[in-house]
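Labels below follow one simple rule: chain letters A, B, ... track the order of the sequence lines, proteins then strands, and each chain is numbered from 1.
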Amino acid sequence: MNETTLEIPCEIPEDARNPVEPFLRMDRMPHIWCAGCGIGTTVNCFTRALLDSKANLDKVAVVSGIGCTGRVAGYARLDSFHTTHGRAIPFATGLKLANPELQVVVYSGDGDLFAIGGNHFIHAARRNMDLKVICVNNMIYAMTGGQTAPTTPGTAITATAPYGVSEPTFNLASLAEAAGASYVARWTTYHVKQLARSMEEVLKRKGFCFIEVLSPCPTLYQRRNKMGDGLDAMKDYKAKSKVRNGAPTGECALSMTGEIVVGKFVDRERPDYLELLRAQMTETLGDRYAEPEVSCCSEG
Amino acid sequence: MAKGFVAIMAERCKGCGFCVEFCPTRVLTLSSAFNSKGYHPPYPVAAEKCSGCDLCGMYCPDFAIFGGRHAR
């Protein structure tokens with residue numbers, strides 16, 4: 001138990017490589033995320049999903065907004081876009097419409113997607129834009145110093161609510177369903193296998209897909225609320241989460257200490273934005289409608 | 001011989017302990033040694049039990065550990 005050396009006693013094959021490394025810009029490591037933060041874990045799941053779905057990596061783009069999770073775009077060795085605060089979805093929409101062949105993944109945090117970018121989210125979901133939105137929910141604005149976010153649960157202590165948060169919160173899964181998302185799931189960073197499978201599933205399907213991932217924030221959320229470190233949050237997720245696939249999203253609100261309902265809540269087929277646009281244009285213009293040519297994606 | 005192996009890049013570790021807690025065969029423990037940033041990286045105390053499932057690699061937020069199976 002008391003090893004004072006960092007030498008590894010077991011033999012490791014020489015050609016063994018971390019399966020994550022081909023997907024990351026390793027020259028930028030170590031990353032800025034705190035010890036015990038779960039964002040790196042979600043990136044692991046995302047890379048496993050990319051591997052398993054055999055996606056063509058030249059046609060996958062990651063778009064992030066601002067925030068801790070917004071850094072993912074900078075660390076992913078894919079075409080990526082680090083956009084202005086809250087505007088990840090508008091940039092992603094433009095990317096998708098200009099080049100519909102691209103698989104556009106929006107990877108951002110709860111503050112970016114639901115506070116500053118809240119309207120963009122609901123309208124992209126309403127249009128059923130073919131985007132895959134992964135929201136890492138750490139329940140707080142972490143990068144700016146722990147201010148109250150729309151997802152901060154009641155009575156939590158934050159930098160802007162030293163006597164406890166009194167506002168009701170967003171239930172992100174319910175919001176996404178009501179706005180029209182065609183796929184809604186929630187996992188925590190404890191559920192790595194399920195999360196990777198869920199991400200793989202959305203990479204293979206069309207339409208607006210939303211995955212919420214609960215992640216620990218030991219530095220700003222848990223420290224102020226005396227909730228321990230990252231590992232305590234993970235143990236908490238393990239103890240309190242309950243998988244209920246297909247559960248009505250309205251009953252899946254999160255609270256500070258209550259049960260965490262996880263699972264795939266919504267999976268429905270709706271015509272996406274481009275399909276509807278094409279159908280409408282063809283109906284109105286007939287032969288005069290021509291598909292716009294995509295020339296920005298070189299072959300090979 | 002163990003079915004799998006676990007590779008640890010101690011310098012990249014931030015000592016969160018996710019791999020130690022969630023290893024299904026309890027291969028790892030936090031070492032008492034420090035890396036250059038002052039964190040305690042994991043150490044395989046029971047390397048022979050490793051099944052090579054790579055769950056530690058899935059959990060590690062710092063991409064500092066991974067597991068794999070030995071070729072037979």
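Residue A:D229: no heavy atom, backbone or side chain, is found under 4.5 Å from chain B. With a 4.5 Å cut-off on non-hydrogen atoms, A:V20 touches chain B through its side chain but not through its backbone. Neither the backbone nor the side chain of B:H40 has a heavy atom closer than 4.5 Å to any heavy atom of chain A. Residue A:M29 touches chain B through its side chain alone, counting heavy-atom pairs closer than 4.5 Å. When heavy atoms are compared at a cutoff of 4.5 Å, A:T189 approaches chain B solely by way of its backbone atoms N, CA, C and O. Contact annotation for B:I65: only backbone heavy atoms (N, CA, C, O) come within less than 4.5 Å of a heavy atom of chain A. Neither the backbone nor the side chain of A:L195 comes within contact range of chain B, judged by heavy atoms closer than 4.5 Å. Contact annotation for A:K193: both backbone and side-chain heavy atoms come within less than 4.5 Å of a heavy atom of chain B. Using a 4.5 Å cut-off between heavy atoms, A:I39 does not touch chain B at all.
The aromatic rings of A:Y190 and B:F22 lie tilted to each other, with the angle between the two planes from 30° to 60°.
Judged purely by atom type and a 3.5 angstrom limit, A:H31 has no side-chain atom pairing as donor or acceptor with the backbone of B:F63.
Within 6.0 Å of atom CZ in B:R26, 12 or fewer heavy atoms from other residues, nucleotides or ligands are found, so the atom counts as exposed in its surroundings. Heavy-atom neighbours of A:R71 CZ from other residues, nucleotides or ligands within 6.0 Å: at or below the threshold of 12.
The minimum heavy-atom distance linking B:K14 with A:C34 is given by the pair CD-C, 4.3 Å. The two atoms that bring B:P61 and A:C37 nearest to each other are CB-O, 3.3 Å, heavy atoms only. Considering all non-hydrogen atoms of both residues, B:F18 and A:G36 come closest at CZ-O, 3.6 Å. When all heavy atoms of A:L231 and B:C16 are compared, the closest pair comes out as CB-O, 3.8 Å.
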Criterion side chain to side chain contact (heavy atoms under 4.5 Å, CB included) on A:M234 and B:E21, from CA distance to verdict: CA-CA 9 Å; A:M234 293 288 267; B:E21 176 71 26; over 6 Å; no
Evaluate B:Y59 against A:N44 for side chain to side chain contact (heavy atoms under 4.5 Å, CB included), listing each step before the verdict. CA-CA 7 Å; B:Y59 274 111; A:N44 279 327; over 6 Å; no
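If you tally non-hydrogen atom pairs under 4.5 Å between each of B:C60, B:G17, B:C13 and chain A, the highest count goes to B:C60.
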